[in-house]
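To start, the structure itself, in structure tokens.
Computed from a predicted model, the values in this text were never measured in an experiment.
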Amino acid sequence: LAAIIHAEAEGEPYEGKIAVGSVVMNRVFSSKFPNTISGGIYQANQFEPVRSGRLQMIMDRGPNEDCFSAAREVLNGRRNVDKLFFWALWLAQQRGKTGGIIIGKQYFY
């Protein structure tokens, strides 16, 4: 969990890191996605860092401490979004997305 948080939210504020972890965990508890963290992360076409190899690079060297801390909080039950998806804010704006939650440079929907 810390590695996907790092891959997706490294330059984001801490609340953005919590939000990425929240999306992953929200998916675990949704019938629309696999019911494990790794199953959800590695589900086809869900997380770009899996496809690009960035996730594996982070796993090889280890996520940073902020991402470990965010992962621990999320695993202990903290959630700051109830969403199942997120995009880069610029992409959401380009595609006219509205009604989601903006944290840092990410759009959660």
query: At what distance, to the nearest 0.5 angstrom, does CD of Glu15 lie from CD1 of Ile18?
result: 6.0 Å
message: Please find the pair of heavy atoms, one from Gly16 and one from Ala9, that lie closest to each other, and give the distance.
response: O-CB, 4.1 Å
statement: In terms of heavy-atom contacts, Pro34 and Gly39 come closest through CG-O, 3.5 Å
field: Step-by-step side chain to side chain contact (heavy atoms under 4.5 Å, CB included) determination, Phe68 to His6
entry: CA-CA 9 Å; Phe68 271 117; His6 186 130; over 6 Å; no
message: Please say yes or no: joined through hydrophobic side-chain contacts below 4.5 Å, possibly via intermediate residues, are Met25 and Ile101 part of one cluster?
response: yes
message: If we check side chain to side chain contact (heavy atoms under 4.5 Å, CB included) with Val28, which of these qualifies: Thr36, Leu1, Ile37?
response: Ile37
field: Derivation and outcome, side chain to side chain contact (heavy atoms under 4.5 Å, CB included), residues Asp82 and Arg79
entry: CA-CA 7 Å; Asp82 62 355; Arg79 305 287 186 278; over 6 Å; no
message: Strictly below 4.0 Å, N to O, side chains only: are Lys17 and Glu73 in salt-bridge contact?
response: no
message: Measuring from atom CG of Leu89 to atom CD of Gln94, what distance do you get when rounded to the nearest 0.5 angstrom?
response: 11.5 Å
task: Report yes if the side chains of Tyr14 and Ser69 come closer than 4.5 Å at any heavy-atom pair, otherwise no.
output: yes
message: Membership question, hydrophobic clusters at under 4.5 Å side-chain separation (ILVMFWY): are Phe86 and Ile58 in the same one?
response: no
query: Are Val23 and Leu91 connected in the hydrophobic side-chain network, where two residues link if heavy atoms are under 4.5 Å apart?
result: no
field: Within residues 100-109 or reaching into it, pairs that qualify as side chain to side chain donor-acceptor pair (under 3.5 Å) - sequence neighbours excluded
entry: Trp87-Tyr109
statement: Glu12 and Gly104 have their tightest heavy-atom pair at OE1-CA, 3.3 Å
task: For side chain to side chain contact (heavy atoms under 4.5 Å, CB included), just list the numbers for Arg51 and Asn45, CA-CA rounded to whole Å, side-chain angles, deciding distance to a tenth of an Å, and then say yes or no.
output: CA-CA 8 Å; Arg51 287 190 303 274; Asn45 302 315; 4.0 Å; yes
message: Let me check something: do Leu84 and Val81 share a hydrophobic cluster, defined by ILVMFWY side-chain heavy atoms less than 4.5 Å apart, either directly or through other members?
response: no
- request: Please answer: with hydrophobic residues joined when any side-chain heavy atoms are less than 4.5 Å apart, are Leu75 and Met59 in the same cluster?
  value: yes
From CA spacing to verdict: side-chain hydrogen bond (donor to acceptor under 3.5 Å, both in side chains), Gln43, Arg27: CA-CA 11 Å; Gln43 183 181 18; Arg27 288 179 176 203; 5.1 Å; no
Residue pair Phe47, Leu55: steps toward the side chain to side chain contact (heavy atoms under 4.5 Å, CB included) verdict: CA-CA 9 Å; Phe47 291 96; Leu55 179 64; over 6 Å; no
Lys/Arg-Asp/Glu bridge criterion (N-O < 4.0 Å) met for Arg54, Glu10: yes
query: Which distance, rounded to the nearest 0.5 Å, do you find between the NZ of Lys83 and the OG of Ser22?
result: 12.0 Å
query: Quick one: does Ser30's side chain have a donor or acceptor within less than 3.5 Å of a partner on Asn26's backbone?
result: no
query: Given side chains that start at C-beta, do those of Asn80 and Ile103 come closer than 4.5 Å, heavy atoms only?
result: yes
